[in-house]
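Please read all numbers here as calculations on a predicted model, not as lab measurements. Hydrogens, waters and symmetry mates play no part in the numbers below; they use all other heavy atoms, side chains included. First the proteins, then the strands, lettered A, B, ... as listed; each starts at 1.
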Amino acid sequence: MYSTKYIKPNSTSEALEAIKSMGEGKFLAGGMTLIPTLKQRLASPDGLVDISGCDLDSISDEGDTIKIGAMTKHASVAESGLVNEAIPALAKLADGIGDRQVRNRGTLGGSVANNDPSACYPSAVLALKAIVHTNTRSIEADEFFTGMFETALEENEIIEAISFSKPTKANYVKFPNPASRYAMVGVFVAQFNDGVRVAVTGAGEGGVFRHAEMEAALSSNYNADALSALEISSDGLISDLHASPEYRANLIKEMTKRAVV
Amino acid sequence: MTEVTKIDGIGSSVRRTEDKKFLTGKGRYTDDINRPGQVQAYFLRSDVAHAEIKSIDTKAAQSAPGVVGVFTGSDIAADKVGGPICGWVVPCRDGSSTKEPPHPLLAQGKVRFVGDAVAVVVAETMEQAKSAAELIDVDYNELTPVVDFVNADEGAQIHEEVPNNCYFDWELGDESATNKAIESAAKVVKLSVRNNRLVPNAMEPRSALAEYDSLDESYTLHTTSQNPHLTRLVLAAFMFAIPESKLRVIAPDVGGGFGSKIYVYIEEAVCVWASKKIGRPVKWTADRTQAFLTDCHGRDHVNDVQLALDENNKIIGLRVDTVCNLGAYLSAFSVVVPTILHGTLLSGQYDIPAIYTNVKGMATNTVNVDAYRGAGRPEATYLLERTMETAAKEVGMDPAEFRRINFIPKDAFPYQTQVALQYDIGDYEPHLDKAMEMIDYSNFEKRRAEAAKRGMYRGIGMSSYIEACGLAPSAVVGALGGRVGQWESASVRVNPTGTISVFTGSHSHGQGHATTFAQIVADKLGIPMENVEVIHGDTDKTPFGMGSYGSRSLASGGSAISKAVDKIINKSKKIAAHLLEASEDDIDFKDGKFVVGGTDKEKAFGEIALAAYVPHNYPLETLEPGLEENAFYDPTNFVFPSGTHIAEVEIDPATGVVEVVDWAACDDFGNLVNPMIVEGQVHGGIAQGIGQALLEDAHYDENGQLLTASYMDYCMPRADDLPSFKVGYTNTPCTHNDLGVKGCGEAGAIASPPALINAVIDALSPLGVTDMSMPATPQKVWKAIQESQSVAAE
Ligand SMILES: Cc1cc2nc3c(=O)[nH]c(=O)nc-3n(C[C@H](O)[C@H](O)[C@H](O)COP(=O)(O)OP(=O)(O)OC[C@H]3O[C@@H](n4cnc5c(N)ncnc54)[C@H](O)[C@@H]3O)c2cc1C
């Protein structure tokens, strides 16, 4: 790791000030992704602004949505009574991330800002019509994820919280990569009064994506059988050592079927 | 089973005394040790697989902050320091010997794998060393890398000394008799299998800390080694040409080895060299990436098998043609593993009248391949047990019955195989029967049908393995090309109060020797185990010994301890006879007491010890004072553990996921000293075998880049990949060591892969699937199912 500056401010505004004072600074959340990157010398930021003191870790019920602070740890989401009652699928997702250590360090904001194509949370953000609240604006999920490791976030824009719409039904089913146990394919299915949303992570070359055909099929019939006749295209799916696009296409269908219960 | 006579004696499951420190994080590993004035070494490694080095410019690095030295291959060459050596060579079919190219400590003119060390930077801190290394400019002329070892003979030549990239082309057995058997056979079963390449992944990465004392011109090296004495011998005699007495090697707590810490690696040697050059202690610790790239890997074989059967399904011949990948350089045991430790095991548990094998060891632009838990024997077992299962299916016999009719009969021991080894003892049907009973083999078809109702494919597979452990005797080892002896040493020091210090030449890096060895001594001397301390891992303390590998520690090291204790008892009897004014012949030793037969006159062991060290009343004219004995034990044969493992799996056709649902292991390890530790070894071995069969695969791309160089892509077995194991034993005590013990450290890893792959194939057999390569990943299994369905649809 290259030596770098470390600052831990007490508010978002101080954090923004701090990061602006650096040439190329980085927000540090749980550090589960950022620190290994630094240790391997794959990044050399001018400074780290630790946002764990900025009061960004509350969970609140906002009526139609559940609002979760960016610094909320996966373990806190998994254990939250509010989340478990309103969107149990989200608690289940958080509970299935990494291992106990990762869940007690890694954060919602870090995961979503990073937009790892194999991360779990982006699928929930997309399927649950979430709004990403930053220091300057509110971004709709459909506008937020712009490609593998790419988001709509501007330089030095900070995610403060994310509001997840409460679905009538939802589920997340993940087929873990055997080695890393990130999602090789993860499917978040959410049913709302105006239709079903299906978000797929782990599989797309452009990162998380919604699956229009499955959404249409499930919107008219929320049942695994509704998917049987569907042919899932392998176009644009990731090919790696662990899974070919064809295998991933199969898993997308299979995980979605398992999610619809 | 051994009768347990003493609460902490031989045969009792005493808790491991070493666990307290390990479980509380208080182990003392090489990287935990720091010396005043110490500096850090960082190795700049090649990022290309095969290239000539046109130039190396270290100028900028030399003057970078904190740097105390930057060295390259030419500095090493100038000091005439030798490289690691190959500890065992074999003759080739054409009469030539194994080709042994030099392995320089730092690259000289050429790099041969991604990870090959090009330069070393020594600096005040590791970060400074790394930063300076980034300033080194290496100009490479890239050559075509050789990665596909099967066709390596057609690739660019990697070493001048190794034509066609073939280190050796070795054979064993009677080729013409075997070919005749195949020609005259009622049936020949043919199979090609591949033994996948594995990364050992010891929990503790390799590390070295070298210190030079200019006053007495001696070195101290702390290192992660399974055999500190061999490390000292190689460093002193072959690399630095210094007397052994000028080098002390300490392998303190070592966090796992699995074979990968047998060899002397270049990093240890460079640290030793640099510690004198710089005049300060030099430390190096690998990070996990370096471990993936530079620890010797394991296995990587392809085997073509032909099994000849007569009309009664009795085996009449076996031919195995093997090509194996040994990587960029030969390391200590890379030659012996696929030859002597592989070819000689091809008879398995079976009476096979004609066997022939040919093994070609190839050079490639990948890291060295050497011993990994099992070392040669898993490869032999895998090909044989896959072939046995395939043969049984092809001739329409139950696999258990097919094995049974081909087993070496119980009354045929000692049994001379056609591949050099002579098995002293064994009895194979009992462990087959017991394993079948443990897993309820006879009701399997009911379970298969029940699983089918749930849409799952259930399968069962077995493996009846044999292994040869405790490599021996030295004379045979020498005749077969070994360059070291294969005895083990022990020194048993009785302290004046009757407590014992046991110094062993073997080395524990997780095996629990402090417990097992203490049990042997406590049992034999009739004293509490707490009174016995086991010391290992320091060349200044322990007698010269061979270290631990090949499941040799108990069979060879334990036997040496037992022999030293016998000498202690003999001498004690003489002392007791004097003190009790009796004849030595009348002294019986039992339960820690020396008793004059038929009387109540006795002396406790502690009283004898005291008399030996405070010899006021002592037969000084005929007996030396003190009570300390050495033993060097050279076994007369290998030991031959055997057993049967049976795996049961369920496969989800929608995803291809294989779940291991049940496992029965019935092993014959001879007598068990500590059954709990043995069971742990069995569990760990099976876990590694399941890892090989389902999860692990070291994968180089065509450019020689290791794609699976982290845990993001290299899949280790985790607890939830494993079922609860059913473990049982049979016992035919070894005939040629005092303890009647065999070895248990590698059995699980040897037995399990074929059992599991056989089970996977059995599960898919209703679909017509007859083969499956390791690892049977979800994608691979799913694809096999898809393909079988599309074949069925045609
Ligand atoms: C062993 C392991 C296993 C894992 N398994 C999984 C898994 O199964 N599924 C899964 O989804 N994830 C998994 N993860 C990822 C993990 O859960 C975290 O979500 C991820 O590491 C990022 O969160 P973090 O809080 O650690 O962010 P950091 O590493 O601190 O930051 C990541 C990036 O986001 C930026 N950032 C952080 N917070 C904000 C913010 N509020 N606003 C703007 N930018 C911000 C940082 O600057 C940085 O660029 C795993 C990680 C590890 C180490």
Side-chain angles (χ1 to χ4, degrees), chain A residues 1-4 32-33 35-42 44 96 98-102 116-119 173-187 202-203 224 227-228 232 234 237-259, chain B residues 42 65-66 125-131 133-134 199 201 287-290 292 455 652-659 690-691 694-701 705-721 775-787 789-790:
Chain A
M1 174 165 164
Y2 299 104
S3 66
T4 189
M32 293 289 93
T33 295
I35 300 287
T37 314
L38 297 179
K39 278 176 143 178
Q40 291 177 65
R41 298 182 159 225
L42 296 172
S44 55
D99 49 45
R100 199 176 285 272
Q101 289 84 344
V102 167
D116 186 312
S118 308
V173 177
K174 157 174 161 180
F175 188 91
N177 174 308
S180 73
R181 299 217 171 161
Y182 274 70
M184 195 147 91
V185 166
V187 179
L227 303 169
S228 296
I232 306 293
S234 57
L237 299 187
I238 296 171
S239 172
D240 61 22
L241 273 186
H242 305 281
S244 64
E246 294 70 34
Y247 182 52
R248 279 197 162 87
N250 169 66
L251 289 178
I252 289 173
K253 183 161 166 179
E254 196 53 39
M255 295 305 111
T256 310
K257 277 182 171 174
R258 290 175 191 194
Chain B
Y42 178 75
T125 70
M126 184 58 97
E127 292 304 324
Q128 287 172 331
K130 280 187 185 174
S131 294
E134 288 172 1
V199 181
N201 280 302
D287 56 23
R288 190 54 69 180
T289 306
Q290 290 178 60
F292 270 102
D652 179 348
T655 58
V657 169
V658 176
E659 188 192 348
I690 291 177
L694 296 184
L695 309 166
E696 298 183 49
D697 198 20
H699 187 90
Y700 283 91
D701 71 8
Q705 297 290 340
L706 183 62
L707 298 186
T708 50
S710 83
Y711 295 128
M712 294 300 281
D713 287 304
Y714 189 89
C715 187
M716 293 293 286
R718 295 164 166 94
D720 65 357
D721 292 314
T777 60
Q779 158 163 266
K780 208 186 273 175
V781 171
W782 176 78
K783 217 167 144 213
I785 294 169
Q786 296 301 304
E787 279 163 8
Q789 283 168 349
S790 64

For residues B:S131 and A:R41, determine if any side-chain heavy atom of one lies less than 4.5 Å from a side-chain heavy atom of the other.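 With C-beta onward as the side chain, the pair touches.
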Taking the side chain as everything from C-beta on, heavy atoms only, tell me whether A:Y2 gets closer than 4.5 Å to B:E127.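 With C-beta onward as the side chain, the pair stays apart.
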With a 4.5 angstrom heavy-atom cut-off, could you sort out which part of [X] is near chain B: side chain, backbone, both or neither?
X      : value
A:L251 : side chain
A:M184 : neither
A:S3   : neither

For the candidates A:S244, A:A179, A:P178, which exhibits the highest count of non-hydrogen atom pairs separated by less than 4.5 Å from chain B?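 Ranked by contacts with chain B, first place is A:A179.
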Can you tell me which of A:E254, A:K253, A:M1 forms the most heavy-atom pairs within a distance under 4.5 Å of chain B?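 Maximum pair count with chain B is reached by A:M1.
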Expected output: side-chain A:N250 to main-chain B:T655 donor-acceptor under 3.5 Å: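 No, because the side chain of A:N250 does not come within donor-acceptor range (under 3.5 Å) of the backbone of B:T655.
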Mark yes or no for whether A:R181, through its side chain, and B:M712, through its backbone, hold a donor-acceptor pair below 3.5 Å.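 A pair under 3.5 Å: no.
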Could you have a look at B:K130, B:E134, B:R718, B:K780 and say which one has the most heavy-atom pairs with chain A under 4.5 angstrom?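 Of the candidates given, the most pairs with chain A belong to B:R718.
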Between B:D720, B:L707, B:L695, which shows the greatest number of heavy-atom pairs under 4.5 Å with chain A?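 Highest number of heavy-atom pairs under 4.5 Å: B:D720.
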Atom pair NZ (A:K39) and CZ (B:R288), whose distance is rounded to the nearest 0.5 Å: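 Going from the NZ atom of A:K39 to the CZ atom of B:R288 covers 12.5 Å.
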OG1/B:T289 to CD/A:Q40 distance, rounded to the nearest 0.5 angstrom?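 Reported to 0.5 Å precision, the distance equals 5.5 Å.
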SB check B:D652 A:R258 (cutoff 4.0 Å):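 Result for this pair is yes, salt bridge flagged.
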Tell me, side chain or backbone of B:Q786 under 4.5 Å from chain A's heavy atoms, or both, or neither?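 No part of it gets close to chain A.
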Just do the side chain to side chain contact (heavy atoms under 4.5 Å, CB included) check on B:D713 and A:H242 with the steps written out, would you? CA-CA 8 Å; B:D713 287 304; A:H242 305 281; 3.0 Å; yes
